[in-house]
Structure formats: structure tokens, C-alpha cells
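Written below as C-alpha cells is the structure these notes are about.
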Amino acid sequence: MRKAREVLVIGGNRYFGKRLIARLVAAGDRVTVLNRGSSPAPPGVTHLVADRDDEKALREAVGTRAFDVVLDQVCYTPRQAAIARRVFAGRTGRYVMTSTVEVYEHEDSEALVPESAVDPVTVAVDLELPWDDPEFLDSHYGEGKRQAEAVFAADPAFRCASVRVAHVLGGDDDFTGRLQHYADRIRTGSPIAVPTVSHPATYIHVEEIADFLFWAAGEDFTGPVNAASDGLLPLDELCGAVAARLPGGRTVFETTESAEVSPFAFRHRYGMDNSRAARLGFPFGDVRQWLPSAVAETLGKDD
């Protein structure tokens, strides 16, 4: 039996974060969750309350604690990364940041995109941008993650891995509303807004990303790693899986030049290459094998 670890999870009390915490607890790890107090920690988990944007409050909440692993589920800006790096330097042997496929939002590659396409060491960091403005942060989500990765990568002694997560599907607790968007339109035959050309994308099941983060916590690699199921999925196939749950529904695509299009309707090609993770030892499933069940989980009430 392996030794129980001291693990801190920052944020992530819902969706795949809560599944990750459950896996850690089941494995016998001593888990601490830190958030702003908006939701309670699960049974058997230590709960720390602090606003991660407040460095003094974060230091006070952590106190003298040290951790084998810190899993940061809610690092969105370089300012947050800089605070975390200062607070946890010397307090943990491993830091795992949950990043996103959106770091590749400016790519447009026919080939699957490897981690080297966005090397965090080369990303410029601007701490003076209005990262505290929710509207700015929402419209610069990918850039915030790129710069957060760069802050951690700037200190080689701070052993950080950044997990670039594909678009997550599945679960009856999917709070994003993206599959529901399609269900609502297909059920009524309402138009689904798409660009003239909509490119396929990479996805990952909610349980698979929880498995991946749990696995990554126990590894020793650093730097960015793509986490995506095998296979590119075009939008019409995703809609087909939703339509299969809605007898009598009708899928109607409407092309638009507007920036406002439906979720997963991508103008650029930036499906992720998952070969680094596979070489490191994580076996991914195939998106087409789990897609029907993912849709059923999320839209079960629409049977």
C-alpha cells in the first residue's frame, strides 16, 4: 500500500473537481480543500476558507501546513499564479494547475496541436491588465490561463504541471448548459448558429478528467500536458448524439458571420494531441465510445 499523501485542492468543489476529491479520499489521502466558503467541503475533508486573490488571507489560512501535492482547480490569471507561487514555494513538492484547451484558441492547425505550440516559458506576462474585471477575464479566458502557466513555468524550482483540459462532457451535474443548449434547439427545431465552416474538436468525459488529474497528482512530470480523449468530434455528430435522445426533434444549422455562435462551433482547428500523456502512461478512451452515455447522463430528464 502506498503512503497516504497530504493533498490540497484549491477550489473545484463541483463537477469534475468533486469527483477528483472523492478519488483522493477513497485512495486514503489526507485531503484539504481551500475555497472562499461558498460551499462546504465533503465529509472527511479538512476545509480552509480564504480568497485566493488575497495573499495575506491565503497565507493565514494555510498557516504552517505543507503538502505533498497541491491541485489548483481555479487559477485563472497570472496574478493568482504569482500569489500561489509565493505562498506555496517550499510548501509542496508538486503543483498541478488545471488549464484549458483554450490556450490554443489562436491556433488553426490541420494536425492535432501538441503542447509545444504554446510554450509557457515564451509567453509574455502582463500583471497590469485588468484581471480583476469579470468581463475582461471572461473575454480573455485563454490568455489568462496562458499567462498563469507562464508564471509557474518561470521558476524551474517550482515543480508545476499544467493540465490542458479538453471540452468536458457528461454527468447529471453539468452546470455549463452547453448540451442543454442543443437539446433545447433540437427539441423545438430552432436554428443552431454556426460559422460557415465549423471545425471538429477534442473532448473528454467528466469521469476521465477526474481520473487524469488523480493520476497526474501521483506522477513527477512537469510542464504542460494535453488531456483529451482519442478522436476528433465534429459538431454535427455531437448534435446527432443529442438528437438521438429527442425523438421528433429536428437539427437545423444556420450559418452566421456573427461572433455569437453556439457552443462547440469552432472557427479554428485546435484539436489537442494527447500523445505526451499517453507516453507518460495514461490510457485515454475514445470519444465515440462514451459520447452516447455522456449525453444520456446530462439530458436524462429529456427521455
Side-chain angles (χ1 to χ4, degrees), residues 9-25 31 33-43 45 47 49 51-53 71-77 80 96-103 105 134-142 144-145 148 163-188 190 192-193 201-214 227-229 233 235 238-239 241-242 245-246 260-266 287 290-303:
V9 180
I10 303 176
N13 274 21
R14 60 180 179 173
Y15 207 31
F16 61 84
K18 73 179 185 182
R19 290 166 170 81
L20 168 62
I21 292 169
R23 283 159 170 76
L24 293 165
V25 171
V31 181
V33 170
L34 185 146
N35 59 30
R36 290 178 297 182
S38 55
S39 57
V45 172
H47 191 193
V49 177
D51 183 344
R52 66 165 306 148
D53 293 319
L71 293 154
D72 192 343
Q73 295 282 83
V74 290
C75 186
Y76 300 115
T77 75
Q80 292 176 334
V96 179
M97 171 194 162
T98 297
S99 189
T100 175
V101 62
E102 298 302 331
V103 301
E105 63 188 335
E135 186 174 336
F136 177 86
L137 183 56
D138 183 63
S139 62
H140 291 77
Y141 176 67
K145 289 287 193 178
V163 178
R164 295 172 176 172
V165 181
H167 308 290
V168 183
L169 296 176
D172 61 3
D173 55 339
D174 180 357
F175 65 92
T176 66
R178 293 175 297 193
L179 284 181
Q180 191 63 52
H181 168 93
Y182 289 105
D184 292 344
R185 280 153 180 77
I186 291 170
R187 187 187 300 106
T188 60
S190 301
I192 296 168
T202 40
Y203 295 84
I204 192 165
H205 190 268
V206 63
E207 300 291 346
E208 188 170 39
I209 187 56
D211 286 339
F212 187 90
L213 289 166
F214 175 78
S229 296
L233 190 68
L235 183 59
L238 175 62
C239 287
V242 174
R245 302 287 301 177
L246 303 170
E260 297 296 323
V261 293
S262 294
F264 309 134
F266 300 110
V287 63
W290 56 254
L291 179 62
S293 61
V295 172
E297 292 160 9
T298 304
L299 303 179
K301 59 183 177 295
D302 291 312
D303 278 338

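All heavy atoms count here, side chains included; hydrogens, waters and symmetry mates do not.
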With a 4.5 Å cut-off on side-chain heavy atoms, are L169 and F264 touching?
yes
Which heavy-atom pair separates I204 from S229 by the least distance, and what is that distance?
CA-OG, 3.6 Å
Partner residues of T176 under the side chain to side chain contact (heavy atoms under 4.5 Å, CB included) criterion, sequence neighbours left out
D174, R178
As a quick check of understanding, evaluate side chain to side chain contact (heavy atoms under 4.5 Å, CB included) for R36 and V49, giving each step before the final call.
CA-CA 5 Å; R36 290 178 297 182; V49 177; 5.6 Å; no
Geometric class of the Y203/H167 ring pair [parallel <30°, tilted 30-60°, perpendicular >60°]:
tilted
Has the side chain of Q80 got a donor or acceptor atom that lies under 3.5 Å from a matching backbone atom of Y76?
yes
Any donor and acceptor pair, going by atom type alone, linking the side chain of K145 with main-chain N or O of T98 inside 3.5 Å?
yes
Does the side chain of R164 come within less than 4.5 Å of T100's, by heavy atoms?
no
Where V45 and V31 come nearest, the two heavy atoms and their spacing
CG1-O, 3.4 Å
Nearest-0.5 Å distance that lies between atom NE2 in H181 and atom CD1 in I186
9.0 Å
Nearest-0.5 Å distance, CG of residue L235 to CD1 of residue I192:
7.0 Å
Once rounded to the nearest 0.5 Å, what's the spacing between atom CG of L213 and atom CG of L24?
9.5 Å
Nearest heavy-atom approach of K18 to N13 is CB-O, 3.5 Å
Report yes if some heavy atom in the side chain of I10 is under 4.5 Å from a heavy atom in the side chain of L71; otherwise report no.
no
Nearest 0.5 Å, please: how far is CH2 in W290 from CD in E207?
11.5 Å
Is it true that atom CZ of R23 has more than 12 heavy atoms of other residues, nucleotides or ligands lying nearer than 6.0 Å?
yes
Regarding E102 and H140, do their side chains bring together a donor and an acceptor under 3.5 Å, going by distance alone?
no
Is a side-chain N or O of R245 found less than 3.5 angstrom from the main chain of A241, in a donor-acceptor match?
no
Looking at A148 and M97, what are the two nearest heavy atoms and their distance?
CB-CE, 3.7 Å
Using 4.0 Å as the upper bound for N to carboxylate O, is an ion pair formed by D72 and R52?
yes
In terms of heavy-atom contacts, A227 and V163 come closest through CB-CG1, 3.8 Å
Spell out, as yes or no, whether a donor-acceptor pair under 3.5 Å connects the side chain of T298 to the backbone of V295.
no
Salt bridge (charged side-chain N to carboxylate O under 4.0 Å, His left out) evaluation trace for R19 with D211
CA-CA 8 Å; R19 290 166 170 81; D211 286 339; over 6 Å; no
Side chain to side chain contact (heavy atoms under 4.5 Å, CB included) between Q73 and L20: does it pass, once the steps are laid out?
CA-CA 10 Å; Q73 295 282 83; L20 168 62; 4.2 Å; yes
Does the S262 side chain pair with the main chain of A265, one donor and one acceptor, at a distance under 3.5 Å?
no
Atom pair CD (E208) and CZ (F16), whose distance is rounded to the nearest 0.5 Å
12.5 Å
Let's go through L291 and L238 carefully: what are the C-alpha distance in whole Å and the side-chain angles of both, what is the deciding distance for side chain to side chain contact (heavy atoms under 4.5 Å, CB included) to 0.1 Å, and is it a yes or a no?
CA-CA 8 Å; L291 179 62; L238 175 62; 3.8 Å; yes
Nearest non-hydrogen partners of V242 and L299, listed with the distance
CG1-CD1, 3.8 Å
